[in-house]
Amino acid sequence: MVARSLMFQGTGSDVGKSLVVAGLARAFTLRGLSVMPFKPQNMSNNAAVTADGGEIGRAQALQARAAGVPLSVHMNPVLLKPQSEIGSQVVVQGRVEGNAKASEYQHLKPRLLSRVLESFEILRAKADLVLVEGAGSASEINLRQNDIANMGFARAADVPVILIGDIDRGGVIASLAGTKLVIDADDAAMIRGFIVNRFRGDPALFAEGMDLIGRFTGWQSIGLLPHFADAALLPAEDALGLSQSFARKPGAKIRIAVPILPHISNFDDLDPLEAEPDVELIRVHRGQPIPGDCDLVLLVGSKATISDLAALREAGFDVDIAAHYRRGGRVLGLCGGYQMLGKRLSDPEGTEGPPGSVDGLGLLDVETVLSGAKRLEAVSGTSFDGISFAGYEMHIGRTSGADCARPFSMIGGHAEGASSADGRVIGTYVHGLFSDDRQRSAWLTRLGGSSSGLDYEANVDAILDRLAAHMERHLDLTGLLRLAT
């Protein structure tokens with residue numbers, strides 16, 4: 001039996017589509033349905049490794065987790081990963097198929113639609129319900145031709161649409177009603193209902209607003225969804241959240257500084273640290289100094305490592321990092337951050353940008369060459385002090401040099417990563433270290449603190465359960481099922 005399906009599009013980017021789909025995936029799963037998440041096209045540098053050996057957007061990974069199903073490349077068949085100079089890397093059904101500038105990508109879409117529909121049908125054959133997430137705004141009529149992310153997909157796959165508006169931005173009545181006004185009549189006919197998201201205050205005060213939206217559009221109200229504060233504790237896909245300022249944590253015993261660079265990737269590595277009550281995670285932006293009293297400078301992943309290394313130098317972070325190290329501080333580089341810590345970084349084939357070679361920060365005696373096949377693999381091993389971990393690797397490039405003789409870890413009998421002679425600078429290709437309670441606790445101990453005993457993974461699942469209950473309270477889930485076809 002083929003699964004029913006329902007698509008959730010937005011009046012704009014960042015209106016909460018990903019979170020709504022995650023909450024509904026958990027809610028319908030708790031109702032006893034087999035649920036699969038699906039996003040035809042995604043743009044994100046925050047990706048996850050799948051069970052079938054590819055990569056998908058982090059939002060679909062969270063949605064799959066909410067549904068209790070293994071990650072599959074078919075959940076996000078087209079993933080665009082922005083890079084400097086060359087536009088975006090195009091990942092199709094989990095594998096890199098090349099690079100394309102925005103204008104070039106528009107011509108690729110018709111060919112990609114068949115792959116998108118193929119992945120959708122594969123998921124439909126395995127589930128009772130497929131929840132589809134759109135991308136950006138449903139009203140981007142300038143991009144409607146050859147669209148595969150929103151109405152183009154909905155029409156091709158004959159999937160009914162629920163439109164989400166964000167009241168927190170203001171003008172939600174106009175954004176929902178205006179969407180119907182500007183889109184093609186046949187596209188508008190695909191929309192069966194609407195959700196107003198992120199409401200704060202007394203719902204009775206917006207009852208007339210909900211009625212007006214229904215009157216202007218003719219669409220069914222699925223509900224007024226209040227702001228869900230714990231959303232900030234779930235892994236985020238959009239780097240936009242990294243630009244937000246965060247309050248100091250009074251009494252925090254460990255301060256970790258993270259330079260925010262233009263092409264930052266896999267930044268969900270930060271989430272478990274953020275959740276620790278004794279850790280103050282400081283996002284340092286261009287124009288700000290790296291605090292002199294931090295315990296650790298953490299360089300995370302990058303989709304354009306040489307370009308981000310140049311941005312790091314332009315911001316003066318290299319000077320701050322060198323001073324931090326001279327004062328006896330520690331530095332940790334993850335993936336692209338590891339590559340930056342070496343003496344030399346080369347991209348002879350132009351994999352991530354123009355071909356070339358640059359000096360690294362020189363804090364590790366290693367060199368990296370960006371070439372060869374992309375490594376996408378779940379890994380497990382032990383760090384240099386015998387602490388076990390499980391994580392994943394997602395990178396291009398090979399790193400070698402004298403400091404590799406002091407590896408960070410052993411994985412399957414092979415040495416991985418590098419450490420400086422004094423042990424205060426470490427580089428590793430392993431993502432997800434801090435999601436592993438054993439390794440996170442070990443790092444906090446290494447920095448002179450201690451773990452709170454937080455079970456990070458269990459905490460994420462508990463938040464998803466609360467999110468599902470939030471959906472049940474405020475949305476018409478039975479009505480949604482009736483609309484699904």
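Values in this document were obtained by computation on a predicted structure and should not be read as measured data.
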key: Test applied, side-chain hydrogen bond (donor to acceptor under 3.5 Å, both in side chains); reference residue, E133; option that passes from Q41, K17, Q63   = Q63

query = Pick from H263, Q339, K303: which one makes a side-chain hydrogen bond (donor to acceptor under 3.5 Å, both in side chains) with D308?
reply = H263

Do the side chains of [Y] and [X] get nearer than 4.5 Å, heavy atoms only?
X	Y	result
W443	L332	yes
K126	R124	no
S451	D437	no
D147	F153	no
V90	V92	yes
I387	T382	no
I183	I191	yes
D166	V172	no

Hey, are [Y] and [X] close enough side-chain-wise for a donor-acceptor pair under 3.5 Å?
X	Y	result
Q220	R192	no
E416	S409	yes
K39	Q60	no
Y392	N266	yes
N45	S265	no

In Å, rounded to the nearest 0.5 Å, how long is the span from [atom1] of [X] to [atom2] of [Y]?
X	Y	atom1	atom2	answer
D268	S435	CG	OG	6.5 Å
L281	L270	CG	CG	5.5 Å
R466	L234	CZ	CG	9.0 Å
Q106	K101	CD	NZ	14.0 Å

task = Check ring-ring contact (aromatic ring centres under 6.0 Å, His included) between F28 and all other residues, then give those that pass, not counting sequence neighbours.
result = none

ask   = Residues in ring-ring contact (aromatic ring centres under 6.0 Å, His included) with Y456, at least two apart?
value = none

Whether the side chain of [X] engages the backbone of [Y] through a donor-acceptor N/O pair (distance < 3.5 Å, no angle test) should be reported.
X	Y	result
S441	R438	no
N150	A135	yes
T11	L176	no
K249	E274	yes
D269	G432	yes

inquiry  = What verdict does the salt bridge (charged side-chain N to carboxylate O under 4.0 Å, His left out) test give for D465 and R26, after you've listed the backbone C-alpha separation in whole Å, the side-chain angles of each residue and the deciding distance to 0.1 Å?
reply    = CA-CA 7 Å; D465 284 341; R26 177 58 62 95; 2.6 Å; yes

query = Given R95 and E55, is the salt bridge (charged side-chain N to carboxylate O under 4.0 Å, His left out) satisfied, shown in steps?
reply = CA-CA 7 Å; R95 299 295 179 185; E55 57 181 312; over 6 Å; no

Qualifying ring-ring contact (aromatic ring centres under 6.0 Å, His included) pairs with a residue from residues 183-207, counting only residues at least two apart or across chains =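 Non-adjacent pairs meeting ring-ring contact (aromatic ring centres under 6.0 Å, His included): zero.
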
task = Report the C-alpha distance between E97 and R115 in whole Å, list the side-chain angles of each, state the deciding distance to 0.1 Å, and finish with yes or no for salt bridge (charged side-chain N to carboxylate O under 4.0 Å, His left out).
result = CA-CA 13 Å; E97 292 209 353; R115 307 281 292 278; 3.2 Å; yes

message = Evaluate D187 against R155 for salt bridge (charged side-chain N to carboxylate O under 4.0 Å, His left out), listing each step before the verdict.
response = CA-CA 7 Å; D187 285 351; R155 292 274 294 277; 2.5 Å; yes

request  = Kindly determine whether E352 and Q89 satisfy side-chain hydrogen bond (donor to acceptor under 3.5 Å, both in side chains), including the steps that lead there.
outcome  = CA-CA 9 Å; E352 291 188 349; Q89 185 181 77; over 6 Å; no

ask   = What do the steps show when you test N46 against S44 for side-chain hydrogen bond (donor to acceptor under 3.5 Å, both in side chains), and what is the final call?
value = CA-CA 5 Å; N46 211 24; S44 177; 5.6 Å; no

inquiry  = Tell me if the CZ atom of R473 is crowded by more than 12 foreign heavy atoms within 6.0 Å.
reply    =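 Atom CZ in R473 is crowded, with more than 12 foreign heavy atoms closer than 6.0 Å.
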
query = Can you say whether the rings of F120 and F38 are parallel (under 30°), tilted (30 to 60°) or perpendicular (over 60°)?
reply = tilted

Chi angles and distances behind the side-chain hydrogen bond (donor to acceptor under 3.5 Å, both in side chains) call for E472, H470 = CA-CA 5 Å; E472 287 279 7; H470 186 71; over 6 Å; no

task = Go through D52 and S72 one step at a time and tell me if the side-chain hydrogen bond (donor to acceptor under 3.5 Å, both in side chains) criterion holds.
result = CA-CA 6 Å; D52 44 5; S72 167; 3.2 Å; yes

